[in-house]
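Quick notes on the structure that follows.
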There are 2 protein chains.
Amino acid sequence: MTTPPGPAGHSRPAGTNLAGLRDHNAALVLGLLRAAPQGGSRVELATRTGLTPQAIGKITARLLAEGMIVEAGQAASTGGKPRTLLRLRAEAACAVGVHLERDELTVLLVDLAGRHHHVHTEPVDRAVTPAEAVRLITARIGRAAADLPAGARLLGAGVGCRGPLDHAAGVLHWFTPPGTRDPAGWDRYPLRDELAARLDGLPVVVDKDTNTAALAEAPAIPRPVGGLAYVHLAAGLGAGLLLDGALHRGTRTNAGEFGHQTVQIDGPPCDCGNQGCLEVLCLAELRRGDHAAAARLLGVGVANLVRLLDIDRVVLGGRAVLSAPQVYLAGVTAQIEARIPDPDWQPVPVSVSTAGRLAVAVGAAELVLGPLFGRRT
Amino acid sequence: MTTPPGPAGHSRPAGTNLAGLRDHNAALVLGLLRAAPQGGSRVELATRTGLTPQAIGKITARLLAEGMIVEAGQAASTGGKPRTLLRLRAEAACAVGVHLERDELTVLLVDLAGRHHHVHTEPVDRAVTPAEAVRLITARIGRAAADLPAGARLLGAGVGCRGPLDHAAGVLHWFTPPGTRDPAGWDRYPLRDELAARLDGLPVVVDKDTNTAALAEAPAIPRPVGGLAYVHLAAGLGAGLLLDGALHRGTRTNAGEFGHQTVQIDGPPCDCGNQGCLEVLCLAELRRGDHAAAARLLGVGVANLVRLLDIDRVVLGGRAVLSAPQVYLAGVTAQIEARIPDPDWQPVPVSVSTAGRLAVAVGAAELVLGPLFGRRT
DNA sequence: CCAGTTAAACAACACTGTTTCCTAAGTGCA
DNA sequence: TGCACTTAGGAAACAGTGTTGTTTAACTGG
């Protein structure tokens, strides 16, 4: 047992004490109640968690006292005393979701039930410096906080933006090509810590836009999700992977490089140095305005993804997809069906991101809300 | 909160009580000690787990009393009382690893330190029925158990075999093509339960060969592993994915369908119904005896995998690879370097499975041993 | 030899879920 | 209406976890 292995800071302690045990079980209960907007009973919570009814009684009593949940009527009797229903108190706490794009900033406020209490989008100068962006975001979060429901706690802020970046450190890696400059100074910018410092230590989490967009779909899905893939087609082509209920980021937060998979060996060269990348082919069709052809190509990549990871559900998003959703739905579905004829694979549902253009910001808020409901980070 | 979501039996309770807390922390301690063959001190365990020295004292006292660990000398003093070193007691427990191939059966016995106490390989008739195979495996496990070190507990048996199969249920899905027959009755055979019944309720776990082979590499790697991919080239082409310290199987245990990714749109047709599959191209080169060309193709697929999942380490295995390891190492490494020139990606080490032909069986034993050391299943 | 330092155990404690028992609040039938 | 039955949920005592505060053990260095 010598020094800690791997990159520094990567082996956070995992020992659990009584406080951790309590929080784990409370999060489990809250997560189950989130999945049941109409409410759930103590008895169901006990069977679903595997805890004794008495333990659930204590946990729910604590959550009631803290104002995280409320009693909400009764269920129909099944021959004895009717069950008391418990519901999440949506306005008990909120999280901020931020989507920082090249030319646009979106800030919104989401409560425990996923309702939006504040949504604001504004254009941003493409030449903005990191410091200016941080000032802008801070100001916008301040305004959003003014819309907090009475008594609601503000849990933190999640930020989604393009990669590459280091999620664990909260640092951007917006390389500029060698030879050129990065006058604004975005590369190696410690976005998380700079934001947290200006927000009075409010917890801040930074992640790739594709990752947060994938998370935006998570609350609607009963746990555990075997595999959900969010595929984003806009100026680039990327993916967010929600595997076994948690985002898969990889040690360098580089997972999801969906666009640079080779689908045509010895195909046309790509800026990334590779050749025959899906992205090159797909963007070429987009420039031609041929969404159907782009969708077909996208479908080839999605089919690869689905097979490789045994994906249960595919969600499409990004400006290109949102501009012609039906075309992409049909094209991707057709490729999946054509390329995965195996009967053992249940039909893999493909849908378009329900949050639409807000998907990244909504998912960014979920970065903060998720752990409260027991999602692994 | 209506009925349990998803396929039945998939949402196992996750509530934790004191016993679970104790086991979790004990597993954490055992895992840390496994990664330190020369021994580790209580103080280090405390800092690494985040638990108090006192808690570690109680946990190690329990483990000492149970015979799971032993004191093993002292570390050099750093100015005060020297630390007492603790080591795993390798012979405290063992697990059986089984590799069931079409024409061969391998059974081995692995102790807590990963040492093999029994290794046996024998040919098997390709037309063997499931019942005969179960009898054979049972008999072989009986002989292996005779080689158990004195006082060692037998924790269970892991079985690795070709897919598709259902890991959660322990049932094989060895479909036969429509029209043909499955005279031996392998399809839908409940291998896990049949084995467990004949082994007096000994815990049995069944998984795909590629998954267990990936697991075979895990003990040597300091946790947490961001992403390890085991790529297997023999009669087919598959992969096992070890993501964030746990195998990623997908809900249908179908993850790892590496061979059927499309790398040549409109390429030659594949038996699977798709066209341009990596496997078709790769096996064609193999039949031609051109390992270098096969390696190049393999490298294309591996580069896709590495980028998509931010893989940290690639392990190659399977009969084809083992027949010309250097060719595959060089070919795959070259493709990774050529197709992922991004400087942000640290060089991704590629190696050949250290366990060689025993990889699947060794990893099958790890299916049983892993949870003891805190690996998520 | 002794102060200083570090490791590890002892004892009392806080707090978790569990067990056991009891009360509350319905249903259904006579 | 009465009463047995069923089911939900709380009260109290309990077992066992890691924590806190204190003490003892063992080695270094002047």
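Just so we're on the same page: letters track the sequence lines, and every chain starts at 1.
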Subject >> Interatomic distance where CD belongs to B/Q54 and C1' belongs to C/dA14 [whole Å] >> reply: 15 Å
Subject >> A/V43 side chain, from C-beta outward: closest of D/dT19, D/dA8, C/dT18 >> reply: D/dA8
**OP:** Would you indicate which nucleotide in C/dA8, C/dT16, D/dT19 comes nearest to any side-chain atom of B/T52?
**Re:** D/dT19
Subject >> B/G245 backbone acceptor or donor facing B/R375 side chain under 3.5 Å >> reply: yes
**OP:** In whole angstrom, give the distance that lies between atom CG of A/L63 and atom C1' of C/dT16.
**Re:** 14 Å
**OP:** Say whether, by atom type as modelled, one donor and one acceptor occur between the side chain of A/R34 and the main chain of A/L112 under 3.5 angstrom.
**Re:** no
Original post:
Among B/R89, B/R42, B/R87, B/R83, which residue meets the salt bridge (Lys or Arg N to Asp or Glu O under 4.0 Å) test with B/E71?
Top reply: B/R42
Subject >> B/V159: which of B/V96, B/L165, B/L191 passes side chain to side chain contact (heavy atoms under 4.5 Å, CB included) >> reply: B/L191
Subject >> Nucleotide of D/dC27, D/dG10, C/dG17 approaching A/R42 most closely (side-chain heavy atoms) >> reply: D/dG10
**OP:** Assign A/E71 to base, sugar-phosphate, or nothing according to its heavy-atom contacts below 4.0 angstrom with the strands shown.
**Re:** nothing
Original post:
Can you list, by residue number, the residues of residues 75-85 of chain B that have a non-hydrogen atom closer than 4.0 angstrom to DNA chain D?
Top reply: B/S77, B/G79, B/G80, B/K81, B/P82
Original post:
Do any N or O atoms from the side chain of A/D200 and from the backbone of A/L202 form a donor-acceptor pair under 3.5 angstrom?
Top reply: no
Original post:
Rounded to the nearest Å, what distance is computed from the CZ atom of residue B/R62 to the P atom of nucleotide C/dA9?
Top reply: 14 Å
Original post:
For the pair made of CG in A/N17 and P in C/dT16, what is the distance, rounded to whole Å?
Top reply: 11 Å
Original post:
Hey, is the main chain of B/D111 close enough, under 3.5 Å, to the side chain of B/H117 for a donor-acceptor pair?
Top reply: no
Subject >> Pair A/D244-A/R376, salt bridge (charged side-chain N to carboxylate O under 4.0 Å, His left out): steps then yes or no >> reply: CA-CA 10 Å; A/D244 302 312; A/R376 287 182 291 127; 5.5 Å; no
Original post:
Which part of the nucleic acid, if any, lies within contact of B/I59, taking any heavy atom under 4.0 Å across all strands shown: a base, the sugar-phosphate backbone alone, or nothing?
Top reply: sugar-phosphate
**OP:** Could you check how far NZ of A/K58 sits from P of D/dA13, rounded to whole Å?
**Re:** 12 Å
Subject >> Atom pair distance, as rounded to whole Å: CG in B/L18 and P in C/dT19 >> reply: 11 Å
Original post:
Whole Å only: how far is the CD atom of A/Q74 from the C1' atom of D/dA8?
Top reply: 10 Å
**OP:** Check whether any side-chain nitrogen or oxygen of B/N25 sits under 4.0 Å from OP1 or OP2 of D/dG18, and answer yes or no.
**Re:** yes
Subject >> Rounded distance in Å - CD1 (A/I56) to P (C/dT19) >> reply: 14 Å
